[in-house]
Amino acid sequence: MKQLKFIFTMVLAALFTVFVMTSCASSNEESAGGEGDNTLVMATSADYPPYEFYETAGGEGEPIGFDIDIAKYITEQLGYELEIQDMDFNGIIPALQAGRVDFAMAGMTPTEERKESVDFSDVYYDAKNTIVANADAGFETYEDLAGKTVGVQLGSIQENEAKEQAETIEGMTIEPRNRVSELVQEIKAGRLDAAIVEDTVAKGYIANNPDLTFVTLESDDASGSAIAFPKDSSLLAEFEPVLAEMQESGELETLVTKWFEDYYEQQEAEQEAAE
Ligand code: ARG
């Protein structure tokens, strides 16, 4: 009898182990998270202050910014752990498509073309394009860029827009780069005459580089940012109500003030103190 009981317990234990293993395996399939099933992996391109960037020039530590705060808020509300994966902007859509990440926040504009590959939330912030250049360059419109070398971020809507413009503007050459920071460095080094960058981000870079300036291209279609998910991900339906709640409660507005006003003011104050 004792032996029977022992065998019975062993069988139960074995069954239990198999059950636990299979349920873990299936939830791992749903999430790209490596550290247990409660982790969501977010792709970003942390070259985009104040949306996502590193506080230090060397890029140590975790990225911070507007998108990061929104992501933290939403995942916390939903009871997930957040893991951030920094990559070139151009690699984000392929990472979503391959299911290597669960969602992406990178100041990404929901274009019709991208909607064929990924799903988007509602737009949570609007932006416009600008020309960034040396302060004495005096560029105001695309036409002023005739004969100039113009940088854009590879895979961005700015790349498409600038290429379209270049078709009709004499001698305007487009140079794509992986990171926005490279565009800024190359303007300073004189290798690029200008770059097309969103106003919100141009402001952040200019606050740190007083020799540069930007002008907003009023002619451009406004672009905005939305959260991207792999096609048919069930996460979209989980995220949307929290994003809507952030809009209604004023939480989003608080973050807009934090990153698009307070942060700039602080950057400018630091610049002035350094001069
Ligand atoms: N909004 C533009 C786009 O979707 C540029 C976004 C670039 N984002 C970044 N984190 N570098 O194409």
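Counting convention: from 1, in listed order, for ligands and their atoms alike. Keep in mind it's a predicted model, so treat the numbers as computed, not measured.
A donor-acceptor pair under 3.5 Å links the side-chain atoms of D86 to the main chain of A46, judged by distance alone. Of the possible polar contacts, none joining the N90 side chain to the N178 backbone as a donor-acceptor pair under 3.5 Å is found. In terms of modelled atom types and a separation under 3.5 Å, the side chain of T44 and the main chain of M105 share a donor-acceptor contact.
In this structure, S223 does not count as a contact residue of ligand 1, since none of its heavy atoms falls inside 4.0 Å of the ligand. Heavy-atom separations between R179 and ligand 1 are all 4.0 Å or longer.
Around atom 3 (C) of ligand 1, the closest heavy atom drawn from R114, M87, E52 belongs to R114.
Note on L154: it does not cluster hydrophobically with M87, by side-chain heavy-atom contacts below 4.5 Å among ILVMFWY residues. Clustering ILVMFWY residues whenever any of their side-chain heavy atoms sit less than 4.5 angstrom apart, transitively, puts Y54 in a cluster other than the one holding M42.
If you look at Q153 next to ligand 1, the close heavy atoms, those under 4.0 Å, all belong to the side chain.
On a distance-only criterion, G224 and ligand 1 share no N/O pair closer than 3.5 Å.
Numbered from 1 in the order shown, with element, the atoms of ligand 1 that lie under 4.0 Å from a heavy atom of E198 read 1 (N), 2 (C), 5 (C), 6 (C). Per-residue contacts place T109 under 4.0 angstrom from the following atoms of ligand 1 (heavy atoms of the residue considered): 1 (N), 2 (C), 3 (C), 4 (O). Counting atoms of ligand 1 from 1 in the listed order, those under 4.0 Å from a heavy atom of S156 are 12 (O). Close approach to I157 involves these atoms of ligand 1, each under 4.0 Å from a residue heavy atom: 2 (C), 3 (C), 12 (O).
Among the candidates E159, E186, E182, the single residue satisfying the side chain to side chain donor-acceptor pair (under 3.5 Å) test with R177 is E186.
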